Structure formats: structure tokens, C-alpha cells
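Structure, as C-alpha cells:
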Amino acid sequence: MAVEQRIGLTLWVNGKEHLLEASPRWSLADVLRHQIGLTGTHVGCEQGVCGACTVLLDGQPTRSCLMFAIQAQGHEITTVEGVTPTEGLSPLQQSFQSHHALQCGFCTPGILLTAEALLADNPTADEEEIRAALSGNLCRCTGYQFIVDAVLAAREQRRDA
Ligand code: FES
Ligand code: FES
């Protein structure tokens, strides 16, 4: 049986450098989950449709299932763990909790990161812009209204702060 080739890889994730040995054909999602242990990045369709695997690459929402880990070298990667405080929840996460914006939670990490990027880029995003930004993140449980409500409430909270 052929031995799979591994190469040295350096990834910068959630503000920390990770030196890894990985196959050049492994996706960023798989390396984050299985090499680094950041299992908050979920893998659903593995073909760029569902958005469950969304991470931020230099602040931009990115499908980590569609990218080889090797391509992410030299970029700043943020996973859901990177936007979660050591204790408790972030304001956006708290808003999801208080607005019942999640059920099974499978889509939630990707949606949180997409919403974080949106509010960072456009702090006054309206409902239409929030829906457009989240249109690439599929949720099979919630019907989206509560998710949109949660993002709108977090936007208000940021504005007041
Ligand atoms: S797992 Fe990446 S888009 Fe579905
Ligand atoms: S909460 Fe279940 S898929 Fe979104």
C-alpha cells in the first residue's frame, strides 16, 4: 500500500501558529478538525453548498471544505473557537441564545462567522443585507427568522456599545 505523502505546513489559526505534517490533498476543514482539534468547524456537504464549514480567512467568510490546507498558509484563519471568549459567550452568541436562533446547531458556527464578518464590514447592515449575507449558509432547522432577529439585535447592541 502506498504511503501518503505528508509535507510540513504552517497555519496561523485564532492567533496561534500551528506547525503540522499534512497531506497536500487534505482540505482546510479536515486539517482544522483532525490535526488541530478545532471541531467547531463543521463539515456537511463537502462541496461548497451548505456553508457549515465557513471560517474567516483574513476576515472574509471562506468555505474551508473547498480549500486545501496548504493554500491557507500565510493567511489568518479564524474559526468559531476564535470568536468565543474563554468564559461564556460572545455578544453575537448570546443573541443567538436569547433569540432561539439555533436548534441542532450544526449550521451555527458557519452562520456566526458569516454574521461576525458582515457586522465588522457593515455595522449598519439592514435585514435585507443580513439575509443576503447569510444566503450561503443553509439551516435545516430554524426557518431563518430567529437567526436574522439575533443578528439584528446584536447589531443594535454593538451600535449602543
Ligand atoms: S461542508 Fe463546506 S460548504 Fe458544505
Ligand atoms: S440549527 Fe440545525 S441546521 Fe441550523
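Nothing fancy with the numbering, it's 1 onward along the sequence. Note that ligands are numbered from 1 as they come in the structure, with each ligand's atoms numbered from 1 the same way. Hydrogens, waters and symmetry mates play no part in the numbers below; they use all other heavy atoms, side chains included. Worth saying up front: this structure is predicted, and the values here are computed from it rather than measured.
Of all atoms in ligand 1, numbered sequentially from 1 with element shown, those under 4.0 Å from a heavy atom of Arg63 are 3 (S). Counting atoms of ligand 2 from 1 in the listed order, those under 4.0 Å from a heavy atom of Gln103 are 1 (S). In the vicinity of Cys50, heavy-atom distances shorter than 4.0 Å reach the ligand 1 atoms 1 (S), 3 (S), 4 (Fe). Atoms of ligand 1 lying under 4.0 Å from any heavy atom of Glu46, numbered from 1 in the order shown and given with element: 1 (S), 4 (Fe). Less than 4.0 angstrom separates some heavy atom of Cys139 from each of these atoms of ligand 2: 1 (S), 3 (S), 4 (Fe). Short contacts between ligand 1 and Gly51, defined as distances under 4.0 Å to a heavy atom of the residue, involve ligand atoms 3 (S), 4 (Fe). Here is the list of ligand 1 atoms found below 4.0 Å of a heavy atom in Cys53: 1 (S), 2 (Fe), 3 (S). For ligand 1 and Gly48, the ligand atoms under 4.0 Å from any heavy atom of the residue are 3 (S). Within the listing of ligand 2, atoms 1 (S), 2 (Fe) sit less than 4.0 angstrom from a heavy atom of Gly105.
The shortest heavy-atom contact between Pro24 and Ile70 is O-CG2, 4.2 Å.
Atom 2 (Fe) of ligand 2 forms the vertex of an angle spanning SG of Cys104 and SG of Cys141; to the nearest 10 degrees it equals 100°.
Counting non-hydrogen atoms of other residues, nucleotides and ligands closer than 6.0 Å to CD of Gln71 gives a total above 12. In the displayed structure, His100 atom NE2 is contacted under 6.0 Å by at most 12 heavy atoms of other residues, nucleotides or ligands. The local environment of CD in Glu128 is sparse, with at most 12 non-hydrogen atoms from other residues, nucleotides or ligands closer than 6.0 Å. Annotation for Tyr144: atom OH counts as buried by contact number, over 12 foreign heavy atoms lying within 6.0 Å.
Using a distance-only test at 3.5 Å, with no hydrogens or angles considered, no donor-acceptor pair links the side chain of Thr62 to the main chain of Ser64.
The existence of a salt bridge linking Arg158 and Glu116 is confirmed by a sub-4.0 Å separation between a basic side-chain nitrogen and an acidic carboxylate oxygen.
Residue Cys45 does not count as close to atom 2 (Fe) of ligand 1, with no N, O or S atom under 2.8 Å. Metal site remark for atom 2 (Fe) of ligand 1: Cys65 contributes an N, O or S atom at a distance under 2.8 Å. For Cys107, the nearest N, O or S atom to atom 4 (Fe) of ligand 2 falls under 2.8 Å.
For an aromatic pair to be called close, the ring centres must be under 6.0 Å apart, and His99 with Phe146 fails this.
Separation of atoms CD (Gln103) and OG1 (Thr108) is listed at 9.5 Å; rounding is to 0.5 Å. Here the CG-OG1 distance, from Leu113 to Thr79, works out to 7.0 Å after rounding to the nearest 0.5 Å.
Within the 4.0 Å heavy-atom criterion, the part of Val49 lying near ligand 1 is the backbone and not the side chain.
When only non-hydrogen protein atoms are considered, atom 3 (S) of ligand 2 lies nearest to Arg140 N, 3.3 Å.
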